[in-house]
Asker: 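This structure is in structure tokens; I'll ask about it shortly.
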Amino acid sequence: YRKMHDKGMENYLKTGKGPALNVLLELSAINREGIQFPIELTVLPIKQDNEEFFCACIRDITERKLAEKALENSELRFRSLIEKGSEIIAMHDAHGKLLYMSPSIEAVLGYKAEDRIKLSPLASVHPDDLPEIKKVLSELLLEEGGSAKAQWRHRHADGSWRWMDGIATNLLHDPAINAVVHNFRDITTQKEAEEKIKAERNLLRTLIDNMPDAIFVKDAQGRKLVSN
């Protein structure tokens with residue numbers, strides 16, 4: 001910075017002004033061990049008894065810079081988890097206006113976050129599930145700090161229906177958040193597997209009930225499992 005300093009002094013002597021005067025600068029300095037470190041520098045021009053001189057205030061900001069870097073890294077990790085995770089995060093205000101939609105919605109449901117955030121939070125909920133979801137959210141708004149779980153069908157961008165499992169938390173009272181926060185994920189594969197097992201059990205039950213012979217099945221502890 002020595003050339004900049006010399007140029008600045010030359011300009012000040014000619015004009016009485018300098019770009020580095022009365023402003024807060026962040027620069028790099030070198031300590032006695034030759035190690036570079038960040039500083040804050042403020043230079044104030046002072047006139048006294050027809051004399052001019054400068055007062056420089058220097059502060060080591062190494063700790064602050066380290067803290068800022070740690071915070072930046074933490075935010076990057078958090079953003080990466082949100083954007084690339086399989087869970088969708090959404091936030092809306094007390095009136096139901098969406099405030100935030102995580103980019104992960106595109107991978108899960110096919111919508112661009114910037115497009116989906118323009119719609120109502122309930123715009124893509126299956127009509128048969130809508131009354132129950134409205135009821136859950138209405139009750140949640142009355143419970144400060146409360147949480148509610150639900151499962152519902154959500155329309156995919158391709159027109160198909162996907163089963164979602166989610167939890168909503170009322171954080172409207174928290175000034176740092178001031179929203180209802182939703183975390184939800186796609187459980188369609190799980191639901192389809194459950195329905196398949198249920199159908200197979202019903203078929204087996206029907207077959208057993210219609211067999212002419214008596215059937216009685218017990219487990220190793222002698223407990224009855226199946227009979228007709």
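Numbers here simply count residues along the sequence, with the first being 1.
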Asker: Determine whether Leu27 and Ile58 fall in the same hydrophobic cluster, where Ile, Leu, Val, Met, Phe, Trp and Tyr are linked whenever their side-chain heavy atoms lie under 4.5 Å apart.
Answerer: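 Cluster IDs for Leu27 and Ile58 match.
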Asker: Using the rule that Ile, Leu, Val, Met, Phe, Trp and Tyr join whenever any side-chain heavy atoms are under 4.5 Å apart, tell me whether Ile89 and Ile187 fall into a single cluster.
Answerer: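 Different hydrophobic clusters.
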Asker: Identify whether Leu119 and Leu98 are in the same connected component of the hydrophobic contact network (ILVMFWY, side-chain heavy atoms under 4.5 Å).
Answerer: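 In one cluster: no.
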Asker: For the atom pair CD1 (Ile105) and CD1 (Ile117), what is the distance rounded to the nearest 0.5 Å?
Answerer: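 Atom-to-atom, Ile105:CD1 and Ile117:CD1 are 10.0 Å apart.
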Asker: Taking the side chain from Thr62 and the backbone from Phe37, do they hold a donor-acceptor pair closer than 3.5 Å?
Answerer: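 No; judged by distance alone, with no hydrogens or angles, the pair does not exist.
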Asker: Could you state the interatomic distance from CG (Asn183) to OG (Ser102), rounded to the nearest 0.5 Å?
Answerer: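 One gets 8.5 Å once the value is rounded to the nearest 0.5 Å.
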Asker: Can you see which heavy atom on Gly166 is nearest to which on Trp152, and at what distance?
Answerer: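 Between these two residues, the closest heavy atoms are N-CZ3, 3.7 Å.
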Asker: Salt bridge between Lys65 and Glu40, side-chain N to carboxylate O under 4.0 Å?
Answerer: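 Salt bridge between Lys65 and Glu40, a charged N being under 4.0 Å from a carboxylate O: no.
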Asker: How close do Pro121 and Gly96 get, counting heavy atoms only, and between which atoms?
Answerer: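 Reported closest heavy-atom pair: CD-O, 2.9 Å.
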Asker: Do Val43 and Ile61 share a hydrophobic cluster, counting only Ile, Leu, Val, Met, Phe, Trp and Tyr and linking them when any side-chain heavy atoms are less than 4.5 Å apart?
Answerer: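 No, because Val43 and Ile61 fall into different hydrophobic clusters, even though each may have its own neighbours under 4.5 Å.
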Asker: In sequence, state the C-alpha distance, the side-chain angles, and the governing distance for Ser120 and His92, and then conclude on side chain to side chain contact (heavy atoms under 4.5 Å, CB included).
Answerer: CA-CA 9 Å; Ser120 161; His92 68 74; over 6 Å; no
Asker: Answer yes if the ring centres of Trp161 and His126 are under 6.0 angstrom apart, and no otherwise.
Answerer: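 They qualify: ring centres under 6.0 Å apart.
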Asker: Kindly compute the distance separating CG (Asp186) from CG (Leu109), expressed to the nearest 0.5 Å.
Answerer: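 Answer rounded to 0.5 Å: 6.5 Å.
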Asker: Pair up each side-chain donor or acceptor in residues 132-145 with any protein partner under 3.5 Å, not counting sequence neighbours, and list the distances.
Answerer:
residue: Lys135; atom: NZ; partner: Glu139; partner atom: OE2; Å: 3.0
residue: Ser138; atom: OG; partner: Lys134; partner atom: O; Å: 2.9

Asker: Only counting residues at least two apart or in another chain, list the ones meeting side-chain hydrogen bond (donor to acceptor under 3.5 Å, both in side chains) with Glu195.
Answerer: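 side-chain hydrogen bond (donor to acceptor under 3.5 Å, both in side chains) list for Glu195, sorted by chain: empty.
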Asker: What distance do Arg59 atom CZ and Ile39 atom CD1 have between them, rounded to the nearest 0.5 Å?
Answerer: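 So the CZ of Arg59 and the CD1 of Ile39 are separated by 11.0 Å.
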Asker: I need the minimum non-hydrogen distance between Pro103 and Ala113, along with the two atoms involved.
Answerer: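 Distance-wise, the nearest heavy atoms are CA-CB, 4.1 Å.
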Asker: Got a second to check how far Thr169's OG1 is from Met91's CE, nearest 0.5 Å?
Answerer: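 Those atoms lie 11.0 Å apart.
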Asker: How far does OG of Ser28 sit from CG of Leu41, to the nearest 0.5 angstrom?
Answerer: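 The distance works out to 12.0 Å.
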Asker: Residues in salt bridge (charged side-chain N to carboxylate O under 4.0 Å, His left out) with Arg155, at least two apart?
Answerer: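 Salt bridge (charged side-chain N to carboxylate O under 4.0 Å, His left out) check on Arg155 returns nothing, list empty.
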Asker: Within the 3.5 Å criterion, strictly below it, is a donor on His95 or Asp93 matched to an acceptor on the partner's side chain?
Answerer: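 Side chains of His95 and Asp93: no pair found under 3.5 Å.
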Asker: If the condition is side-chain contact (heavy atoms from CB on, under 4.5 Å), which residues does Asn178 pass it with, not counting sequence neighbours?
Answerer: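 Here the qualifying residues are Leu172.
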Asker: In terms of the angle between their ring planes, are His154 and Tyr111 parallel, tilted or perpendicular, with boundaries placed at 30° and 60°?
Answerer: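 Rings of His154 and Tyr111: perpendicular, as their planes differ by over 60°.
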Asker: Just to verify, what does Glu192 make a salt bridge (charged side-chain N to carboxylate O under 4.0 Å, His left out) with, not counting sequence neighbours?
Answerer: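 Glu192 satisfies salt bridge (charged side-chain N to carboxylate O under 4.0 Å, His left out) with no other residue.
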Asker: Under the salt bridge (Lys or Arg N to Asp or Glu O under 4.0 Å) rule, what do Arg64 and Glu26 come out as? Steps first, then yes or no, please.
Answerer: CA-CA 12 Å; Arg64 194 191 80 194; Glu26 289 191 6; 2.5 Å; yes
Asker: Looking only at heavy atoms, which two atoms of Ala179 and Leu99 are closest? And how far apart?
Answerer: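 The answer is CB-CD1, 4.0 Å.
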Asker: Which residue pairs pass the ring pair (Phe, Tyr, Trp, His ring centres under 6.0 Å) test when at least one of the two sits in residues 127-149, sequence neighbours left out?
Answerer: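 Passing the test, one end in residues 127-149: no pairs.
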Asker: What I'd like to find out is whether the side chain of Val108 reaches to under 4.5 Å of the side chain of Met164, using heavy atoms alone.
Answerer: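 When only atoms from C-beta onward are counted, Met164 and Val108 do touch, with a gap below 4.5 Å.
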Asker: Would the distance check show the side chain of Arg153 and the main-chain N or O of Pro127 forming a donor-acceptor pair, the cut-off being under 3.5 Å?
Answerer: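 Looks like no, no N/O pair under 3.5 Å.
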Asker: Mind running side chain to side chain contact (heavy atoms under 4.5 Å, CB included) on Gln151 and Lys191 for me, showing each step along the way?
Answerer: CA-CA 10 Å; Gln151 292 185 357; Lys191 275 287 186 180; 3.1 Å; yes
Asker: Does the side chain of Ser124 reach to within under 4.5 Å of the side chain of His156, using non-hydrogen atoms?
Answerer: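 With C-beta onward as the side chain, the pair stays apart.
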Asker: Does the pair Glu87/Arg185 count as a salt bridge with the N-to-O cut at 4.0 Å?
Answerer: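 So Glu87 does not pair with Arg185 through a salt bridge.
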Asker: Do Val180 and Leu171 touch side chain to side chain, with heavy atoms closer than 4.5 Å?
Answerer: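 They are not in side-chain contact.
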Asker: Checking the side chain of Asn170 only, and the main-chain atoms of Gly146 only, is there a donor and an acceptor separated by less than 3.5 Å?
Answerer: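 Checked: no pair found.
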